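Just so it is clear, the model here is predicted, and its values are computed rather than measured.
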Amino acid sequence: MRGWMTAAVGVAAALAMTACSKPAGKTAAGPGSTELRIYNWSDYIDPALLTQFTKETGIKVTYDTFDSNEVLETKVLQGDTGYDIVVPSNHNVPRYITAGAIEPLDKGQLPGLDKLSPDVVKHMEPFDPGQKYSVPYMQGTIGIGYNVDAVAKRLPGVRIDSWAVVFDPANLARLKDCGVYFLDASEDMYAVALNYLGKDPNSKVPADYEAATALLLKARPYVKKFHSSEYIDALANGDICVAIGYSGDVLQARTRAEEAKNGIKLAYVVPKEGSQVWFDVFTIPKGAPHADAAHRFIAFMLRPEIIARASNFTQYANANSAATPLVDAAVRDDPNVYPNAELSKRLFVTTTKDQGLLRDVNRQWTKVLTGR
Amino acid sequence: MRRARSGLAAILPGLWLAIFFAFPFLLVAKLSASDSALAIPPYTPRIDWSQGLAGVRAFFAALDGETYVRLTRDSLYVDAWLSSLRIAAIAAGLLLLVGYPIAYGVARCPPRLRQALVMAVILPFWTSFLIRIYAWIAILKPAGVLNGLLAAVGLPPVDILNTEAAVLLGLVYAYLPFMVLPLYAVLERQDESLIEAAQDLGCTPLQAFWRVTFPLSLPGAAAGALLCFIPMAGEFVIPDLLGGSETLMLGRVIWTEFFANRDWPAASAVAIVLLATLVIPILLFERQQAKVTR
């Protein structure tokens with residue numbers, strides 16, 4: 001018996017050694033790929049646009065989704081994901097660039113780049129200097145999504161315009177019975193919590209994060225679940241009445257509730273203390289097997305009439321100035337989607353954290369999640 | 001000829017073990033001794049083959065146990081480990097309570113019916129595991145099936161989704177066949193004349209069960225409990241979908257290390273510790289048991 005055990009370990013060791021030295025990623029296929037694999041946020045595209053892209057180009061699209069930057073980055077840093085387009089948020093892009101995880105874009109294949117909003121391009125500059133690696137897709141904010149009637153019943157006379165609604169235990173105690181969800185996204189949650197406490201949302205001071213942890217720990221007993229996408233359906237079905245969520249996701253929940261005609265009225269608010277604005281960008285991961293098709297898709301999404309339809313569906317603002325007049329008036333004129341000048345003043349961008357700070361922040365977030 | 005065949009018979013399981021257990025295990029062990037880095041893949045060191053043997057030597061020199069030291073500095077890992085064992089132990093106990101009567105009932109049925117009943121125990125496997133767990137969400141959610149039924153009979157609603165109770169329910173449901181089948185295998189093989197003998201010697205049916213059937217079925221109960229306990233302690237999907245944020249389990253800790261911290265070495269170290277503290281003692285115990293029976 002002992003004999004084959006030793007042999008087994010030997011074989012395994014040999015296999016492990018070879019696996020340590022995997023050759024570099026596959027080279028891109030020649031022009032004329034007939035396939036494209038996209039990895040994007042959940043509920044973040046109008047399926048009709050994918051059909052149209054396939055009809056126009058003959059390129060078959062495989063479309064997978066994720067619901068957190070953490071999951072995306074882990075997959076991409078594994079290498080050889082097989083995806084041709086991935087869509088990280090602004091503050092993660094520098095990490096991808098440092099890791100050599102994304103390829104520079106061939107701007108010659110991207111007519112329409114000039115239609116991007118100068119504002120958004122300026123916002124992205126610190127993250128992707130010279131716009132070498134990324135093309136902005138949509139932008140959104142973090143705010144409070146709530147069931148208008150259920151919250152009014154529990155907090156009579158309270159204006160729902162402050163983070164205090166979801167961070168003050170006195171308010172939460174009255175909302176607990178109808179269900180409160182928080183995002184399970186440590187960086188996003190700390191950014192808004194720090195901002196609510198009057199501290200720098202991009203603080204590098206550990207004590208600031210400890211103060212935010214204390215705030216979140218006081219709120220935790222009233223939070224039903226920490227999750228980054230389940231709140232869409234939960235709000236729409238009336239299973240919960242308040243969620244910290246992403247703007248377009250809450251507005252999609254509102255649309256779903258309207259379509260279901262279940263009598264649930266949802267609203268979204270960016271609290272007066274201010275909040276995070278983020279940009280999701282198209283990038284091409286290193287070793288993408290169909291980089292040419294990826295460029296064609298990004299060029300397709302840069303067309304104003306196309307990206308306008310995308311915004312109508314997702315209820316997120318796109319980064320294309322030429323598309324704004326083409327977006328449905330109801331979406332375009334909603335300051336929750338297209339922040340007006342007054343709202344823009346209250347919005348901030350999250351910067352990139354180094355590995356040490358990221359670890360500390362996530363450890364504190366685990367404490368918030370588990371109470372330990 | 002005969003010897004060659006038995007040699008082959010030993011190589012096959014050995015090869016299986018090498019490819020599907022020892023190899024991945026060594027990979028994970030190696031990872032746990034690495035350092036995380038912002039690169040593809042996100043850890044160092046990697047073997048530099050261009051340096052030949054020196055590269056290999058440098059690779060091994062760069063491996064260390066630093067990650068394990070880090071695990072001891074934070075009580076979170078110990079808490080999560082204890083909490084995982086506690087939840088798995090409670091679930092294994094519940095599984096015994098639920099699974100035993102089922103296995104016993106099936107084993108006492110006429111043979112033709114048994115086949116169908118065993119089939120019924122396995123049948124849920126024909127649906128995707130994920131779909132079955134999502135179905136529990138639909139049943140347990142506040143406006144779900146369970147509360148609808150409770151309201152229909154005039155009982156107050158219960159809100160157990162995202163609590164430990166829901167996790168235990170999910171675990172018992174998902175692992176039930178793994179408890180019932182080993183128990184059934186033991187009970188079904190039991191010689192009924194033993195019961196007759198016990199009753200001839202003055203036992204009531206209940207006494208006969210406690211003094212004959214139950215002790216003889218213990219190996220099946222132990223096998224079922226172990227078969228369930230080990231994967232349940234490392235379970236991720238069920239606590240993630242049905243549990244609340246305070247349901248602390250190692251599966252979740254590994255997820256956080258791997259995804260949120262992008263720290264593969266720490267995730268690997270936690271996985272190795274789980275394996276070393278669960279599987280190895282259990283294997284040693286099994287071996288000891290095997291010696292005793294011999």
Side-chain angles (χ1 to χ4, degrees), chain A residues 1 3-5 7-17 19-22 25 68 70-71 73-74 76-80 95 98-101 177-179 182 184-186 220 223-227 234 237-240 286-287 354-355 358-359 361-363 365-372, chain B residues 7 10-19 21-27 29-30 36-42 45-49 55-56 59 74-76 79-80 83 137 141-144 159 161-162 240-241 243-248 252-253 255-264 266:
Chain A
M1 253 352 201
W4 63 259
M5 273 289 260
V9 172
V11 170
L15 280 169
M17 299 289 283
C20 289
S21 60
K22 213 163 41 156
S68 78
E70 287 81 359
V71 169
E73 188 177 320
T74 302
V76 173
L77 288 195
Q78 209 172 299
D80 290 327
R95 295 174 57 90
T98 311
D177 73 297
C178 65
F182 278 15
D184 184 4
S186 55
R220 191 187 81 91
V223 177
K224 193 173 171 63
K225 191 162 189 178
F226 293 84
H227 200 284
N237 297 338
D239 292 337
I240 61 170
K286 196 173 184 77
D354 67 42
Q355 183 68 25
L358 186 71
R359 222 194 133 74
V361 170
N362 282 328
R363 176 60 187 93
W365 181 244
T366 303
K367 195 169 167 187
V368 172
L369 293 181
T370 62
R372 270 174 280 203
Chain B
I11 284 171
L12 279 177
L15 208 62
W16 181 266
L17 196 72
I19 294 171
F21 177 74
F23 170 59
F25 177 79
L26 285 177
L27 271 187
K30 186 214 75 165
S36 68
L38 194 51
I40 295 181
R46 307 183 63 206
I47 296 182
D48 182 2
W49 289 107
V56 178
F59 165 78
D74 192 337
S75 63
L76 170 76
D79 287 347
S83 170
I137 295 181
K141 68 180 190 177
D159 190 5
L161 186 61
N162 306 130
D240 192 55
L241 290 178
S245 58
E246 74 285 348
T247 317
L248 187 59
R252 175 83 199 183
V253 170
W255 192 95
T256 306
E257 291 297 348
F258 195 73
F259 287 98
N261 292 340
R262 293 88 158 174
D263 191 339
W264 294 22

Residue [X] versus chain A: region with a heavy atom under 4.5 Å:
X: B:Phe21; answer: neither
X: B:Thr247; answer: neither
X: B:Pro42; answer: both
X: B:Trp255; answer: side chain
X: B:Asp240; answer: backbone

Quiz item: From A:Thr366 OG1 over to B:Leu248 CG, what is the distance, rounded to the nearest 0.5 angstrom?
Solution: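 CG of B:Leu248 is found 9.0 Å from OG1 of A:Thr366.
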Quiz item: Rounded to the nearest 0.5 Å, how far does CG of A:Asp80 lie from CD1 of B:Ile40?
Solution: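 One gets 8.0 Å once the value is rounded to the nearest 0.5 Å.
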Quiz item: So which of A:Thr370, A:Asn362, A:Asp239 has the biggest tally of heavy-atom pairs under 4.5 Å with chain B?
Solution: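 Ranked by contacts with chain B, first place is A:Asn362.
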Quiz item: Do you know which of A:Val71, A:Thr98, A:Ile240, A:Val368 has the most heavy-atom pairs under 4.5 Å to chain B?
Solution: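 Option with the greatest count: A:Val71.
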Exercise. For A:Gln78 and B:Trp264, work out which heavy atoms get closest and say how close.
Key: CG-CH2, 3.5 Å
Self-check item: A:Gln355 to B:Arg262 - nearest heavy-atom pair and separation
Solution: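 A:Gln355 and B:Arg262 have their closest heavy atoms at NE2-O, 4.4 Å.
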Practice problem: Indicate yes or no for a side-chain donor-acceptor contact from A:Glu73 to the backbone of B:Ala260 under 3.5 Å, with no hydrogens or angles considered. | Solution: no
Quiz prompt | Qualifying residues under salt bridge (Lys or Arg N to Asp or Glu O under 4.0 Å), relative to B:Glu257, sequence neighbours excluded | solution =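 Listed in chain order: A:Arg359.
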Quiz prompt | Part of A:Val76 within contact of chain B (heavy atom distance under 4.5 Å) | solution = backbone
Quiz prompt | Contacting moiety of A:Lys224, where chain B heavy atoms sit under 4.5 Å | solution =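 Both the backbone and the side chain of A:Lys224 come within 4.5 Å of chain B.
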